[in-house]
**Q** 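One structure, as structure tokens, below. Some questions next.
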Amino acid sequence: MSDEEVPVLIVGGSLVGLTTAMLLGHHGVPSLSVERHAGTAIHPRAGHFQLGTTELLRQMGLEERVRTKSLETYSATGGIIAVESLAGRELATYVKELNEGVEGFSPTVRVFINQDVLEPILREKAVELGATVRNRTEAAAVEQDDDGVSVTLRDLDAGEERTVRAQYVVAADGNRSPMRARLGIGMRGYGELSRSITIYFRADCSELLRDRNQGVIYVHNPQLRGFFRLDRAGGTGFLVINTVGEDVTQDSAIDVQSGLTEERALSYLRTAIGADMPMEIVDVANWRAEANCAERLRAGRVFLAGDAAHVVPPNGGFGGNMGVQDARNLAWKLAAVVRGEADPSLLDTYEAERLPLCELGVQQAYTRYATRVVPERGSDDVEPPVPDIELEIGHVMRSPAILSEDGDDGVVHLHPSAAGGRPGTRAPHVALPDGRSTLDLVGTDFAVLRPAGDGVDDWAPPGATSHLVDADGFADAYGLSAGGATLVRPDAVIAWRSRGPADRDELSRALATALGRSV
Ligand SMILES: Cc1cc2nc3c(=O)[nH]c(=O)nc-3n(C[C@H](O)[C@H](O)[C@H](O)COP(=O)(O)OP(=O)(O)OC[C@H]3O[C@@H](n4cnc5c(N)ncnc54)[C@H](O)[C@@H]3O)c2cc1C
């Protein structure tokens, strides 16, 4: 017997668990998130939020709030460089300006905002939309059958246990994912890269920053390799150290944690700053840099999302952003199945669509780690870098719920300017005459977009909303001619299009396929 029933139980109430809860709420499905910790993140961790994430925040009405919060700590135009030390020579520029090359392809911009500042915003929105978040609560055991999942929850303060019955469970329980282990899902990839540390500190580095307005500053010198993220005033922030010592092929070089004392941490900090000045260590966190992907994203009624599904080094800022995309792909599908609008087989498309992209993300994070942190190790297993924008909003997905077109070339990423509205890609951004974007037409329903014109059928099947778009460049960007139509999912992915005139039956069949219903 269960003590409580919920449609969806989410294990983990951090970045990805909270995003999933918020999105389920957006789609009208209540959820219960359980989180061991007493609150949201205590460390900044993720800071670089990519377009895929900021477009979702915009959809959720959080864009301005997040941008305002971001500016309290970071500049909107910071870049990513490498230095010998803050006081020393500049070695490389990886990203000149955070949003260079973005304009015209997205209605929003990338931001730097610390995870411990973003999470409370997500949590508040999730709760506002009907989610329950229970802290100091651990998922202690899980059992599933054909009809649902029974999860034993332990109240970590009272020590009491209760059982919750859910139709589905999302395991957003982080890189060591106890759920993943229980389900027997293995990881594959590049393995452990280093036993890294993050030193949170206070020191007045403002003079050393000079006019360098940077979001991330890599440090590369014979003593250590890692990166700084500093607030805009240069007074607080953190230093990540991935490797120490000159010979990065040595095991001791990739183990920064063993034997670490406060004195040694201070000496690392002084070396990375490159000057002696008053400095105070606030905290030191140990973590493993890894680049691995789960072999599967689903076991029965349990789905892996976020770090539970893929663990990457922070270089390039992929980890949290990939997790947000997992949540965005999964949440509307879960909601549509729970509400009885989609066939449960739709849930199989989560793995079909996301796993190749998770593997790509792991590969690309590894490329950035290898080239920015340990270039001395050589490039035998390093794939060429894919431009960031292609990894953010240039994905190409395939699954039975996406009606790919004849002549599909099989690519999994391309520049958004080349996507051309093909099924499986994110709907292109086109500015509307009222100042909004075509992406703003994507709500909780499917959206049917057609070029406006005389006699164009302003109709959408139940479960979708019709929009006749009268905007320069729209038909070209979406690859439509007069009478053509495109069907956009609630996660802004194009499910189907008819370049030329399509009748109502065709559109209804496309929607049924996009919901996993047999036609
Ligand atoms: C130094 C650093 C910098 C980074 N920078 C970036 C960046 O710039 N951009 C980016 O996108 N990513 C970045 N990341 C990665 C990012 O922090 C992670 O990818 C992100 O936190 C993953 O979120 P998650 O919700 O999947 O997992 P987590 O944040 O690990 O959360 C999992 C949660 O599950 C809880 N939990 C686990 N088991 C249970 C259980 N049985 N019951 C209840 N609760 C449980 C845990 O307490 C935890 O709170 C960085 C990471 C580090 C370390």
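Counting convention: from 1, in listed order, for ligands and their atoms alike.
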**Q** Tell me whether Arg377 contacts the main-chain N or O of Val248 through its side chain, where contact means a donor paired with an acceptor under 3.5 Å.
**A**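 Yes.
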**Q** Considering only heavy atoms, does Thr53 approach ligand 1 within less than 4.0 Å through its side chain, its backbone, both, or neither?
**A** neither
**Q** Which residue and non-hydrogen atom of the protein lie closest to atom 6 (C) of ligand 1, and at what distance in Å?
**A**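 That would be Ala46 CA, 3.1 Å.
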**Q** Between ligand 1 and Asn321, is the shortest N or O to N or O distance under 3.5 Å?
**A** yes
**Q** If you count the atoms of ligand 1 from 1 in the order shown, which ones are under 4.0 Å from a heavy atom of His48?
**A**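 Under 4.0 Å from His48, ligand 1 has these atoms: 7 (C), 8 (O), 9 (N).
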**Q** Among protein heavy atoms, which lies nearest atom 42 (N) of ligand 1, and at what distance?
**A** Ala139 N, 3.0 Å
**Q** If you take the nearest heavy atom of each of Asp307, Leu239, Thr19, Asn135, which one is closest to atom 26 (O) of ligand 1?
**A**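 Going through Asp307, Leu239, Thr19, Asn135 one by one, Asp307 has the nearest heavy atom to atom 26 (O) of ligand 1.
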**Q** For atom 31 (O) of ligand 1, grab the closest protein heavy atom and report residue, atom and distance to one decimal in Å.
**A** Ser14 CB, 3.0 Å
**Q** Sub-3.5 Å donor-acceptor pair from the side chain of Ser75 to the main-chain atoms of Leu71, do we have one?
**A**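 Absent.
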**Q** For the backbone of Asn135 and the side chain of Glu35, can you confirm whether one donor and one acceptor N or O come within less than 3.5 Å of each other?
**A**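 Flag not set: sc Glu35 to bb Asn135 has no pair under 3.5 Å.
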**Q** Give me the atom names and distance for the closest heavy-atom approach of Phe201 to Leu230.
**A** CZ-CD2, 3.6 Å
**Q** Among all protein heavy atoms, pick the one closest to atom 48 (C) of ligand 1 and tell me residue, atom and distance.
**A**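 Here the nearest protein heavy atom works out to Glu35 OE1, 3.4 Å.
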**Q** Nearest to atom 17 (O) of ligand 1, what protein heavy atom do you find, and at what distance?
**A**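 Among all protein heavy atoms, the one nearest atom 17 (O) of ligand 1 is Gln115 OE1, 2.8 Å.
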**Q** Closest non-hydrogen protein atom to atom 45 (C) of ligand 1, residue and atom name please, with distance?
**A** Arg36 CG, 3.9 Å
**Q** Nearest heavy atom to atom 32 (C) of ligand 1 wins, so pick from Ala172, Ala141, Gly317, Ala308.
**A**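 Nearest heavy atom to atom 32 (C) of ligand 1 lies in Ala172.
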**Q** Do any nitrogen or oxygen atoms of Gly47 come within less than 3.5 Å of a nitrogen or oxygen of ligand 1?
**A** yes
**Q** Which is closest to atom 43 (C) of ligand 1 in terms of heavy atoms, Leu156, Thr137, Leu304?
**A** Thr137
**Q** Are the charged groups of Arg123 and Glu119 less than 4.0 angstrom apart, N to O?
**A** no
**Q** Grab the two heavy atoms, one from Val386 and one from Gln364, that are nearest each other, plus how far apart they are.
**A**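 Heavy-atom minimum between the residues: N-OE1, 2.7 Å.
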**Q** Do any heavy atoms of Pro178 fall under 4.0 Å from ligand 1?
**A** yes
**Q** Check each atom of ligand 1 against the heavy atoms of Gly320 and keep those under 4.0 Å away; list them by number with element.
**A** 10 (C), 11 (O), 12 (N), 15 (C), 16 (C), 18 (C), 19 (O)
**Q** What protein heavy atom sits nearest atom 1 (C) of ligand 1, and how far away is it?
**A** Val240 CG2, 3.7 Å
**Q** Find all atoms of ligand 1 within a distance of less than 4.0 Å from any non-hydrogen atom belonging to Gly306, and give their numbers and elements.
**A** 26 (O)
**Q** Any side-chain to backbone donor/acceptor pair from Arg165 onto Val151? Under 3.5 Å, distance only.
**A**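 Checking the backbone N and O of Val151 against the side chain of Arg165, no donor-acceptor pair under 3.5 Å is found.
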**Q** Checking the side chain of Asn292 only, and the main-chain atoms of Gly191 only, is there a donor and an acceptor separated by less than 3.5 Å?
**A**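 Looks like yes, one N/O pair under 3.5 Å.
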**Q** Can we say Asp348 and Arg298 salt-bridge, meaning some charged N sits less than 4.0 Å from an Asp/Glu carboxylate O?
**A** yes
**Q** Would Arg154 and Glu161 pass as an ion pair if we require N to O under 4.0 Å?
**A** yes
**Q** Looking only at distances, please establish whether an N/O atom of ligand 1 is found under 3.5 Å from an N/O atom of Arg45.
**A**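 Between Arg45 and ligand 1 (N or O atoms, distance only) the closest approach is under 3.5 Å.
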**Q** Record the part of Phe318 in heavy-atom contact with ligand 1 below 4.0 Å; permitted values are side chain, backbone, both and neither.
**A** backbone
**Q** Are Glu55 and Arg426 within salt-bridge range, i.e. N to O under 4.0 Å?
**A** yes
**Q** Measure the distance from atom 25 (O) of ligand 1 to every protein heavy atom, then report the residue, atom name and distance (to 0.1 Å) of the closest one.
**A**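 Going by distance alone, atom 25 (O) of ligand 1 is nearest to Val16 N, 3.0 Å.
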**Q** Quick one: do Asp491 and Arg328 make a salt bridge, cutoff under 4.0 Å?
**A** no
